[in-house]
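Here's the structure we're looking at; comments come further down.
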Amino acid sequence: MGHPDQRFDVNLSILFTELPLLERPAAAAAAGFTAVELWWPWIETPTPPQTELDALKKALDDAGTHLVGLNFYAGQLPGPDRGALSVPGAESDRFRANIDVAADFAASVGCKALNALYGNRVDGVDPAVQDELALENLVSAARAADRIGAVLLIETLNKPESPRYPLVSAPAGIEVVDKVNSATGLGNARFLLDLYHLSMNGEDLSQVISAYAGKTGHVQIADNPGRGAPGTGSLPLEQLLDELTKAGYDGWVGLEYKPGDRPSSESFDWLPAEARGPLRASDPPRTHVFRKAPS
């Protein structure tokens, strides 16, 4: 049950949000995790004071947690926005101002994956104009990621929850990945495969995995319906993660789900404590990962 060497990280922008940002890495560590990811934490500014960046680095270091994924500035997220890089005017300018800030922070904590949310369609703006702007900004982001030895992630969302977001299928996300790689020649743009979003779009998840595992740079999971922990919905997440591993994916699996009406620390009962950190050479073989959800 479950592949024995999967690596799970906790998204601290959706879990442990009952705590201040700087307390979340320690809370994740107390729950047994060694790796975390984040949406851009400063939704009001792409260029926070260096003191705030330093404070977050210290919180991560003090907790012994490794940041394995970070979003570029994406506007009000959570909120009405779904990214900034394709939005003409001030938002695109903010994204550009953030590129080196985010990349330099990622470098300072050893983070090797930077996620760039595409942005919503804008009334009165030709989609082709937005797509041209997006490619220009994604090329800059890919070059900044390459500078620090990181990959650039392109994420698809789901149409029911993000009706103005243009990338709402795996092929749409892959098309952008390929365009960025063609434009830069760097080959460091990768697909962020989010099983929850893809399931909300009604896609054949096994087919997506088979077709695109080789272009996938990060995976995120939540159950459906409800975007809760594995076992709270009907997605065969254990099976799907096994399929990903068999297809060659060996990267991190981000836990990007809502804890429900309980503290985040109590939402990991589906995952045995010994499976929460990465497998080390000294660890005994793992014979399972998922537990059954409590009835």
Side-chain angles (χ1 to χ4, degrees), residues 11-14 37-48 67-103 105-106 111 113-122 125 127 130-145 150-180 188-198 200-201 215-222 227 254 256-257:
N11 187 305
L12 297 181
S13 296
I14 195 169
E37 60 184 69
L38 279 166
W39 304 340
W40 184 248
W42 299 277
I43 62 174
E44 301 294 342
T45 178
T47 54
L67 187 69
V68 298
L70 176 67
N71 281 18
F72 286 106
Y73 170 81
Q76 299 289 319
L77 185 73
D81 299 333
R82 297 291 187 271
L85 63 91
S86 69
V87 180
E91 279 297 89
S92 175
D93 291 343
R94 291 187 185 102
F95 178 83
R96 292 175 183 173
N98 176 248
I99 289 175
D100 284 332
V101 175
F105 179 77
C111 176
L114 289 159
N115 184 31
L117 282 169
Y118 201 84
N120 289 329
R121 291 302 193 203
V122 178
V125 179
Q130 284 196 256
D131 292 340
E132 182 179 358
L133 175 63
L135 182 58
E136 179 183 337
N137 284 334
L138 285 168
V139 164
S140 296
R143 288 172 176 157
V151 297
L152 172 72
L153 299 173
I154 307 297
E155 182 174 10
T156 56
L157 302 181
N158 72 79
K159 193 171 184 64
E161 295 175 331
S162 304
R164 299 183 68 82
Y165 192 81
L167 307 184
V168 288
S169 72
I174 292 294
E175 181 181 4
V176 174
V177 167
D178 290 344
K179 284 181 177 179
V180 174
N188 70 329
R190 310 285 285 176
F191 182 46
L192 196 165
L193 194 158
D194 186 307
L195 290 169
Y196 168 74
H197 287 309
L198 296 173
M200 285 284 288
N201 289 324
K215 294 185 176 183
T216 295
H218 190 62
V219 170
Q220 291 174 335
I221 63 170
R227 199 174 184 175
E256 196 183 54
Y257 60 75

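The figures that follow rest on heavy atoms only: side chains count, while hydrogens, waters and symmetry mates do not. All values derive from a computational prediction rather than experimental measurement.
For Pro48, the side-chain contact (heavy atoms from CB on, under 4.5 Å) partners are Trp40, Trp42, Thr45, Glu52, Leu53, Val101, not counting sequence neighbours. Under the side-chain contact (heavy atoms from CB on, under 4.5 Å) criterion, Thr156 pairs with Leu167, Phe191, Leu198, not counting sequence neighbours. Applying the side-chain contact (heavy atoms from CB on, under 4.5 Å) criterion to Asp81, with sequence neighbours excluded, gives Gln76, Glu91. Every residue was checked against the side-chain hydrogen bond (donor to acceptor under 3.5 Å, both in side chains) condition with Asn188, not counting sequence neighbours, and none meets it. By the side-chain contact (heavy atoms from CB on, under 4.5 Å) test, Val151 pairs with Ala113, Leu153, Arg190, sequence neighbours left out. Qualifying salt bridge (charged side-chain N to carboxylate O under 4.0 Å, His left out) partners for Asp100, counting only residues two or more places apart in sequence or in other chains: Arg147.
Distance check, rounded to the nearest 0.5 Å: CG of Leu117 to OG of Ser162 gives 9.0 Å. With rounding to the nearest 0.5 angstrom, the CG atom of Leu85 is 10.0 Å from the CG atom of Leu135. Of the inter-residue distances, the one linking Asp194 atom CG with Leu157 atom CG reads 8.0 Å to the nearest 0.5 angstrom. Once rounded to the nearest 0.5 Å, the distance linking CG of Leu192 with CG of Leu114 reads 11.5 Å. The CD atom of Glu256 lies 6.0 Å from the CD atom of Glu37; values are rounded to the nearest 0.5 Å. Note that CG of Leu12 and CG of Leu67 are 8.0 Å apart. Values are rounded to the nearest 0.5 Å.
Taking both residues in full, the closest heavy atoms of Ser13 and Leu38 are given as OG-CD2, 3.5 Å, listed atom of the first, atom of the second, then distance. Contact between Leu152 and Ala141 at its shortest, heavy atoms only, is CD1-CB, 3.9 Å. Counting all heavy atoms, side chain and backbone alike, Arg94 lies closest to Pro46 at O-CB, 3.3 Å. Closest approach of Ile99 and Ala144 over heavy atoms only: CG2-CB, 3.4 Å. When all heavy atoms of Val168 and Ala172 are compared, the pair lying nearest together is N-CB, 4.4 Å. In terms of heavy atoms, Ala150 sits closest to Cys111 at CB-O, 4.3 Å.
Applying the ring-ring contact (aromatic ring centres under 6.0 Å, His included) test to pairs two or more places apart or on separate chains, none has a residue in residues 155-179. Residue pairs meeting the salt bridge (charged side-chain N to carboxylate O under 4.0 Å, His left out) criterion with at least one member in residues 168-180, sequence neighbours excluded: Glu175-Lys179, Asp178-Lys215. The salt bridge (charged side-chain N to carboxylate O under 4.0 Å, His left out) pairs that include a residue from residues 153-168 are Asp123-Arg164, where partners are two or more places apart or lie in different chains. Listed by first then second residue, pairs satisfying side-chain hydrogen bond (donor to acceptor under 3.5 Å, both in side chains) with a partner in residues 132-144 read Ser92-Asn137, Arg96-Glu136, Arg96-Asn137, not counting sequence neighbours.
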Discussion item. One pair to check against side-chain contact (heavy atoms from CB on, under 4.5 Å): Val87 and Asn120. What are the steps and the verdict?
Written reply: CA-CA 7 Å; Val87 180; Asn120 289 329; 5.7 Å; no
Practice prompt. Would you sort out whether Val177 and Val180 count as a side-chain contact (heavy atoms from CB on, under 4.5 Å), showing the intermediate values?
Written response: CA-CA 5 Å; Val177 167; Val180 174; over 6 Å; no
Discussion item. Evaluate Tyr73 against Thr47 for side-chain contact (heavy atoms from CB on, under 4.5 Å), listing each step before the verdict.
Written reply: CA-CA 9 Å; Tyr73 170 81; Thr47 54; over 6 Å; no
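In this structure, Tyr196 has its ring center no closer than 6.0 Å to that of Tyr257.
Residues Asn115 and Asn71 have side chains that bring a donor and an acceptor to within less than 3.5 angstrom of each other. For the residue pair His197 and Gln220, no side-chain donor N or O sits within less than 3.5 Å of a side-chain acceptor on the partner.
Between the side chain of Ser86 and the backbone N or O of Tyr118, at least one donor-acceptor pair lies under 3.5 Å.
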